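Every value quoted in this text rests on a predicted model; they were computed, and no experiment measured them.
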Amino acid sequence: MRALKIVFWTLYRIWFYILMAIPIIVMFPFLFISILSEKWYPYFFVMARIWAKIILFGMGFRVALETEEEIIEGKSYMFVANHTSMTDIMLMLSVVKNPFVFVGKKELAKIPLFGFFYKRTCILVDRKSSKSRMAVFERAQKRLNQGLSICIFPEGGVPDDESVLLDEFKDGAFRLAVEHQIPIVPMTFADNKKRFSYTFFSGSPGLMRVKIHHFFDTKNQKPEYKKTVKEDVRQVIEKQLLKYNT
């Protein structure tokens, strides 16, 4: 039985990367044209959402979305969620219609095909470099000024300890949201770790539950509010994860 599971998991992982590549190859000319100008990013975003939904469907994932507050079309937000899987990217794209830009680790730029577009459309950060972290703020501010939203996984990566339910949050997302007076949208991803974790021999088709929580307003807040709202947002997501796990 264990041997059969290993075969399944291996084929399942290979299929995931095939699914990542096929839509990119098919849409490559249109994707390439859409990244030639920053003002064409919304067109790229539409194709990125199609790509994400193909992968989720092809992997046998069913998305169940619960919403406490509606996202307004054309408005800028700071989207934040817990981070446990590479599928977090696809799930975020599939449930959020407002064009947003990911802030993510530079290592993903090494993935063939995906990395080509990732490094040209996302805001990459080297978390070991203070210069790189400062550059993130400059690029994010530019994108917000263009009317886009930003998505950051505030844990700064997937927790190394498998027993950690939710790691401590970094300040970046909350500092940007307060400085630009944009609402923070907390989101809880319940099943991504179970469905497709970073552990190679794991994963299966099934349900992916998402909850969009009430937004946190940052209007007229002082810079120090970033620490308060950071903890408040983390508590909301952690409480929901505990509820999902009971």
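A 6.0 Å sphere centred on CZ of Phe32 holds no more than 12 heavy atoms belonging to other residues, nucleotides or ligands. Annotation: Phe57, atom CZ; neighbour count of heavy atoms from other residues, nucleotides and ligands within 6.0 Å does not exceed 12. Few gaps surround OH on Tyr198; more than 12 heavy atoms of other groups in view lie less than 6.0 Å from it. When the shell of 6.0 Å around CD of Glu224 is examined, it contains more than 12 heavy atoms from other residues, nucleotides or ligands.
At a threshold of 4.5 Å between side-chain heavy atoms, the hydrophobic network of Ile, Leu, Val, Met, Phe, Trp and Tyr places Phe28 and Ile25 in one connected group. Hydrophobic clustering, with ILVMFWY side chains joined whenever heavy atoms are under 4.5 angstrom apart, groups Ile14 together with Ile55. No continuous path of ILVMFWY side-chain contacts below 4.5 Å connects Leu11 to Ile6, so the two sit in separate hydrophobic clusters. The hydrophobic clustering, which links ILVMFWY residues whose side-chain heavy atoms are closer than 4.5 Å, places Trp15 and Ile24 together. By the rule that hydrophobic residues join a cluster once side-chain heavy atoms approach within less than 4.5 Å of another member, Ile72 and Ile212 end up as members of one cluster.
The backbone N or O of Lys75 sits less than 3.5 Å from a side-chain atom of Asn98, completing a donor-acceptor pair. In this structure, the side chain of Thr188 does not engage the main chain of Ala190 through any donor-acceptor pair within 3.5 Å. Side chain of Arg13 to main chain of Phe200: a donor-acceptor pair is present (N/O by atom type, distance under 3.5 Å, no hydrogens or angles). Side-chain atoms of Arg143 do not come within 3.5 Å of backbone N or O of Arg139 as any donor-acceptor pair. Between the side chain of Lys230 and the backbone N or O of Asp171 there is no donor-acceptor pair closer than 3.5 Å. The backbone N or O of Gly203 lies less than 3.5 Å from a partner atom in the side chain of Trp9, making a donor-acceptor pair. At distances below 3.5 Å, not a single donor-acceptor pair connects side-chain atoms of Glu155 with backbone N or O atoms of Phe169. Without hydrogens or angle criteria, Arg195 side chain to Leu207 main chain gives a donor-acceptor distance under 3.5 Å. Although no hydrogens or angles enter the test, the distance criterion places no donor-acceptor pair under 3.5 Å between the side chain of Gln221 and the main chain of Val178. Judged by distance alone, with hydrogens and angles left aside, the side-chain atoms of Ser149 form no donor-acceptor pair with the main-chain N or O of Met78 at under 3.5 Å.
At least one side-chain heavy atom of Phe189 sits less than 4.5 Å from a side-chain heavy atom of Met187. Looking only at side-chain heavy atoms (C-beta outward), Thr67 and Leu65 come within less than 4.5 Å of each other. With a 4.5 Å cut-off on side-chain heavy atoms, Leu124 and Cys122 count as touching. Within the 4.5 Å cutoff, no side-chain heavy atoms of Glu69 are placed close to those of His213. Residues Glu38 and Gln146 meet the side-chain proximity criterion, which asks for heavy atoms closer than 4.5 Å. Side-chain atoms of Cys151 and Met92, non-hydrogen and from C-beta on, do get closer than 4.5 Å to each other. Proximity of Thr121 to Ile35: side-chain heavy atoms (C-beta onward) are separated by under 4.5 Å at one or more points. Residues Ser34 and Tyr41 are not in side-chain contact: their nearest non-hydrogen atoms beyond the backbone lie 4.5 Å or more apart.
By the salt bridge (Lys or Arg N to Asp or Glu O under 4.0 Å) test, Arg234 pairs with Glu168, Glu238, sequence neighbours left out. Residues satisfying the salt bridge (Lys or Arg N to Asp or Glu O under 4.0 Å) criterion with Lys211, sequence neighbours excluded, are Glu66, Glu68.
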Q: Please step through side chain to side chain contact (heavy atoms under 4.5 Å, CB included) for the pair Ile18 and Ile22, ending with a clear verdict.
A: CA-CA 6 Å; Ile18 291 173; Ile22 290 175; 3.5 Å; yes
Q.
Apply side chain to side chain contact (heavy atoms under 4.5 Å, CB included) to residues Leu56 and Met208 and explain how you reach the verdict.
A. CA-CA 9 Å; Leu56 295 178; Met208 280 184 163; 4.0 Å; yes
Q. Side chain to side chain contact (heavy atoms under 4.5 Å, CB included) between Trp40 and Ile33: does it pass, once the steps are laid out?
A. CA-CA 9 Å; Trp40 294 341; Ile33 291 170; 4.3 Å; yes
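Here CD1 of Ile152 is found 10.0 Å from CD1 of Ile184. Values are rounded to the nearest 0.5 Å. The structure places CG of Asn245 at 6.0 Å from CG of Leu165, a figure rounded to the nearest 0.5 Å. To the nearest 0.5 Å, atom OG1 of residue Thr87 and atom CE of residue Met90 are 7.0 Å apart. With values rounded to the nearest 0.5 angstrom, Met86 atom CE is found 10.0 Å from Asp88 atom CG. How far CG of Leu241 is from NZ of Lys193: 10.0 Å, rounded to the nearest 0.5 Å. Atom CZ of Arg209 is separated from atom CG of Asn192 by 10.5 Å, given to the nearest 0.5 angstrom.
For the pair Arg120 and Phe116, the distance from NZ or CZ to the six-membered ring centre is under 6.0 Å and the angle to the ring normal is within 45 degrees. Cation-pi geometry between Lys170 and Phe137 is not satisfied (NZ or CZ under 6.0 Å from the ring centre, within 45° of the ring normal).
Phe196 pairs with exactly one of Phe201, Phe16, Tyr17 by the ring pair (Phe, Tyr, Trp, His ring centres under 6.0 Å) rule, that one being Phe16.
For the pair Phe114 and Ile89, the tightest heavy-atom approach, listed with the atom from each and the gap, is CZ-CD1, 4.3 Å. Heavy atoms only, all atoms of each residue included: Ala173 and Val80 are closest at CB-CG1, 3.9 Å. The two residues Ala140 and Leu176 make their nearest non-hydrogen contact at CB-CD1, 3.6 Å. Across all their heavy atoms, Pro205 and Phe8 have their closest contact at CD-CZ, 4.1 Å. Between Pro183 and Thr218, the closest heavy-atom pair is N-OG1, 4.3 Å. Across all non-hydrogen atoms, the minimal contact from Ile182 to Ser76 is CB-O, 3.8 Å.
The distance between the ring centers of Phe100 and Tyr77 does not fall below 6.0 angstrom. Phe79 and Phe153 have their aromatic ring centers separated by at least 6.0 angstrom.
A salt bridge between Glu179 and Arg175 is present, with a side-chain N of the basic residue lying under 4.0 Å from a carboxylate O of the acidic one.
No side-chain donor-acceptor contact under 3.5 Å links Ser85 and Ser197.
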Donor-acceptor pairs under 3.5 angstrom involving side-chain atoms of residues 43-52: please list them, not counting sequence neighbours.
| from | atom 1 | to | atom 2 | distance (Å) |
| --- | --- | --- | --- | --- |
| Arg49 | NE | Leu93 | O | 2.8 |
| Arg49 | NE | Val96 | O | 3.2 |
| Arg49 | NH2 | Ser94 | O | 2.8 |
| Trp51 | NE1 | Met20 | O | 2.9 |

